[in-house]
Number of protein chains: 2
Amino acid sequence: MKPTIRDVAKMANVSISTVSRVMNSPETVVESKRLRVLEAIEHLQYQPNAFARGLIYKRSNTLGVMIPDVENPYYAGLLRGMQDAAVDLGYSLMIVNTDRSKERTITYVENLYEKQVDGIIFASDILHPEYYDIIRHYQIPLVLASTNSIEYDVPSVNIDNEKGAYDAVRYLIELGHRKIGMLSFPYDDSISGEPRYNGFIKAIKEYGLEECATHVTYADHRFESAYKAAEQLFSKYPDLTAVFTASDEFAMGAISFLHEKNILVPDQVSVVGFDDIRMAHMYVPKLTTIAQPVYEIGQHAVKKLYELITEEKVQLYTEILSHKLVIRNSTQEV
Amino acid sequence: MKPTIRDVAKMANVSISTVSRVMNSPETVVESKRLRVLEAIEHLQYQPNAFARGLIYKRSNTLGVMIPDVENPYYAGLLRGMQDAAVDLGYSLMIVNTDRSKERTITYVENLYEKQVDGIIFASDILHPEYYDIIRHYQIPLVLASTNSIEYDVPSVNIDNEKGAYDAVRYLIELGHRKIGMLSFPYDDSISGEPRYNGFIKAIKEYGLEECATHVTYADHRFESAYKAAEQLFSKYPDLTAVFTASDEFAMGAISFLHEKNILVPDQVSVVGFDDIRMAHMYVPKLTTIAQPVYEIGQHAVKKLYELITEEKVQLYTEILSHKLVIRNSTQEV
DNA sequence: AATGTTTTTGAAAACCTTTTCAGACTCATT
DNA sequence: AATGAGTCTGAAAAGGTTTTCAAAAACATT
C-alpha cells in the first residue's frame with residue numbers, strides 16, 4: 001500500500017494538517033515537529049497523491065499535446081521544445097497522435113478533458129470548427145503551435161510560411177535559376193500548403209518569371225508521394241534547373257527521384273527544402289533549406305499556454321518566430 | 001464551472017448514486033430514469049472527473065514512457081506503436097525524455113509516481129540500479145522496451161541484437177567482402193553496443209576473417225560522432241570494402257564521410273546499417289539495414305505492461321521479436 | 001389482504017489531500 | 001496574577017466519485 005499523509009502523521013505523531021503544512025508552508029510549523037515530519041516523509045518515501053490534490057486545486061499540472069504524427073521528424077523537434085519548457089514550469093505532457101482524423105481528434109479531446117489537462121496545444125493541423133467548438137465548450141485553454149487560425153481567435157506560435165517560401169525561391173533566383181518548379185503541399189492545406197505556394201508565386205512574379213507559375217505539382221505530406229510528384233514535374237518540365245519543395249521530406253523525395261534518373265543534385269538541379277529537420281544535414285547532399293525554429297516554437301507554445309492558464313489572457317496573441325535560410329549542398333549557381 | 005455528477009442528478013431529478021449507476025452498470029436502473037439521466041448527461045456534456053475516480057479506483061489509466069530522446073527517429077517508431085496499443089486499451093501515455101541523465105531520470109520517476117501512472121515503460125537505455133531501486137520501491141509495474149536487464153528480473157520486449165549484427169555481417173561476407181570494418185556504439189553500452197559488436201566478431205571469426213577484429217571504431221549515438229569515427233576508421237584502414245554500422249544514423253554518418261571523400265557507396269564501399277528507421281529508405285543511397293520491428297516492440301511493450309498491471313504477472317518474460325535484413329542500395333558485391 | 005421476494009433507490013462512507021476556523025499554547029506586558 | 005497579542009495546532013469540511021447497506025418500492029404468492 002502506498003503511504004498516505006495519515007501514515008506520515010502517525011509516524012511523526014502530529015495531525016495530518018501539520019504534515020500538509022510542512023509540505024506547503026513549512027515556515028508555519030515549529031522546527032521540532034517539522035523535522036520529525038520531514039524524517040517520516042523521507043523514511044516512508046511519501047509522495048502526495050495527485051488525485052487528491054487535483055480534486056482540491058482543480059489542476060493536474062498536465063498539458064495535452066495534439067500532433068498529427070510523432071513519427072514525422074518535424075514534430076519530434078517541436079515536442080522536444082515543449083517537453084523542456086513543460087518540465088521547467090512543473091508540467092507533464094500527455095501526447096496524442098491525431099493522424100489528422102476528425103473522429104480520433106474529437107475522442108482525444110474528450111479524453112484529455114476527462115483527464116483534466118490544464119490546457120491543450122494543438123499543433124500543425126487545421127483547427128476545424130468541430131475541434132474548436134468542443135475545446136471551446138469544455139473551456140480548455142488552447143494554443144496553436146506551428147499552425148494558426150483565421151476564423152477563430154486563438155493564440156498561436158508559428159512562422160511566416162509565405163515569407164519563408166519567398167526567401168527560398170528568391171535565393172534560387174539570385175543563384176541565376178530561371179526555370180524553377182515547386183513540389184507543393186495540397187493547396188487546400190491553409191496552414192503550410194497555401195502560404196508556401198503563395199510565397200513561391202510571389203517571388204517568381206517579382207522577378208518576372210511568370211511562366212514558372214505552372215511548374216507546380218502537389219503531394220500529400222509523405223516522401224513516397226513527393227517522389228511521384230517529382231516524377232510528374234520532371235516529365236512535364238524536363239529542363240527545370242531548380243525546385244523548391246514544401247518540406248525537407250519532399251526535398252528528399254525529389255532528390256531520390258533525380259538520383260535514380262542520374263540527374264545530379266546540385267550540379268544539374270538545385271533543390272531547396274523547408275523545415276530543417278534534423279536529417280537535413282545528414283542527407284547526401286546536405287539540404288539547403290528554410291530552417292524553422294521548431295524547438296523554440298514548441299517552447300513558446302507551452303509558455304504561452306502557461307500564461308493563458310495562469311493569467312487567463314495572453315500578451316502577444318499571434319507570435320511569429322523568424323525562420324532563416326540555411327545554405328548547404330543541395331543548391332548551386334546555375 | 002464544470003458540471004458534476006450532482007448537477008446531472010439534479011437535472012434528472014434522481015440521486016447521484018443513480019447517475020453513477022447509469023454510467024457503470026446501467027442494467028440496474030429502470031429505463032425511465034436511465035433515459036432521463038442520459039439526457040441530462042448529454043445536455044450538460046458531463047464527463048466524470050478523473051481525479052475523483054482515480055481516488056477510488058487507485059488507477060489513472062495512464063502509462064509513463066521514459067525514452068532517451070524523442071528527437072531520435074528510432075524512438076518515434078517505438079512511440080507510435082505504444083500510442084496505438086495504449087489507445088486500444090483505454091490508456092493515455094505520459095512521455096518523458098531522459099536524455100540518459102541519471103538525475104533527470106530519477107526526478108521523472110518521482111513525477112510519474114506522483115501522477116499515479118499505472119505503470120512505466122522504460123525504453124532503450126540501461127536500467128541502472130538507481131532506476132530499478134526507485135521504481136521497485138514505489139512498486140510501479142515496469143516493462144522494458146528495446147532494452148533488457150541482465151541483473152534484474154524485469155519483463156522486456158527486444159530483439160536479438162547479436163544475431164542481427166551477425167546477420168548483417170554475414171551478408172557482407174557472402175557478398176564477397178573480406179575487408180570489413182565496424183562503427184560501433186561504445187562497448188560499455190550493454191544494450192546495443194556490446195551485443196552488436198559481439199555479432200560482428202562472431203561472424204568474422206566464423207569466416208576466418210580474424211584480422212578484421214581490429215577494424216572497429218566507436219562513437220556515441222549521434223551522427224556527428226559517427227562521421228568522425230568513420231574518418232578515423234578509413235584513415236587507419238583505407239582499403240576496407242565494407243562497413244557494418246551500429247545504427248542507420250551511423251550508416252548515414254559513414255556515407256556522408258565517404259561521399260565527401262568521393263568514395264562511392266556502394267560501388268567502392270558497402271555500408272549496412274541497423275534499425276531501419278523511416279529515413280533509411282529515403283536516403284541516397286537507400287540503406288541496406290537490419291530492420292527492427294519497432295512498431296511491434298512498442299505495441300508489445302504496452303500490452304505486456306497491461307498484462308502486468310491487470311494480472312500482476314506476465315506470461316512471457318523476455319520477448320524477442322524477429323528482425324530482418326532489408327537489402328537496398330547501400331551494398332553490393334565486391 | 002397479508003406476507004414474502006426481488007428489484008430499485010438514496011444516504012452515507014470512503015478515497016487523500018488542503019484549508020478554514022477555533023481553540024490551545026506561548027510570551028510579553030501590565 | 002491577569003490580560004492581550006501572537007503563534008501554532010488539530011478537527012472538520014470540502015472536493016467528485018463509487019459502493020455498501022438498508023430502506024423503499026414493485027411484484028408475486030398465498
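Just so we're on the same page: letters track the sequence lines, and every chain starts at 1.
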Using a distance-only test with no angle check, is there a side-chain donor-acceptor pair under 3.5 angstrom linking [X] and [Y]?
X	Y	answer
D189(B)	H221(B)	yes
E151(A)	Y132(A)	no
S146(A)	Y74(A)	yes

Between [atom2] of [N] and [atom1] of [X], the distance in whole Å:
X	N	atom1	atom2	result
D7(B)	dG16(D)	CG	P	9 Å
Y57(A)	dA14(D)	OH	C1'	14 Å
R36(A)	dC8(D)	CZ	P	15 Å
R34(A)	dC8(D)	CZ	C1'	12 Å
Y46(B)	dG16(D)	OH	C1'	7 Å
N24(B)	dT20(D)	CG	P	12 Å
I56(A)	dA13(D)	CD1	C1'	11 Å

Mind checking side chain to side chain donor-acceptor pair (under 3.5 Å) for N97(A) and listing every partner two or more places apart, or none if nothing turns up?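 Here no residue qualifies.
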Side chains of N49(A) and K2(A): closer than 4.5 Å at any heavy-atom pair?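 No, their side chains stay 4.5 Å or more apart.
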Indicate whether OP1 or OP2 belonging to dC8(D) is found under 4.0 Å from a side-chain N or O atom of K33(A).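 Checking dC8(D) against K33(A), no side-chain N or O comes under 4.0 Å of OP1 or OP2.
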Closest-nucleotide ordering on DNA chain C, the 5'-leading residue of K58(B) and M23(A):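 Closest to the 5' end, via its nearest nucleotide, is K58(B).
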On DNA chain C, reading 5' to 3', which nucleotide is the first and which the last to sit with an atom under 4.0 Å from a heavy atom of chain A, could you check?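 On DNA chain C, the outermost contacted nucleotides are dC16(C) to dT20(C).
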Can a salt bridge be assigned to the pair K102(B) and D125(B) using a cut-off of 4.0 Å between side-chain N and carboxylate O?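 Salt bridge flag = no for D125(B) with K102(B).
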In terms of the nearest nucleotide of DNA chain D, which residue is placed more toward the 5' end: S17(B) or F51(B)?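 Between the two, 5'-proximity favours F51(B).
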Counting side-chain heavy atoms from C-beta on, which of dG16(D), dT17(D), dT9(D) comes nearest to L55(B)?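 Among the listed nucleotides, the one closest to the side chain of L55(B) is dG16(D).
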Anything under 30° is parallel, anything over 60° is perpendicular, the rest tilted; go ahead and classify Y113(A) against Y138(A).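 Rings of Y113(A) and Y138(A): parallel, as their planes differ by under 30°.
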Regarding S20(B), tell me which of base, sugar-phosphate or nothing describes its non-hydrogen contacts under 4.0 Å with the strands shown.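 Base, at least one base atom sits under 4.0 Å.
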Applying a 4.0 Å non-hydrogen cut-off, can you work out what T18(A) is touching in the nucleic acid: base, sugar-phosphate, or nothing?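 Sugar-phosphate contact only - T18(A) comes under 4.0 Å of backbone atoms but never of a base.
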Is there a donor and acceptor pair closer than 3.5 Å between the side chain of R53(A) and the base of dG15(D)?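 When only heavy-atom distances are counted, R53(A) does not reach the base of dG15(D) through any donor-acceptor pair under 3.5 Å.
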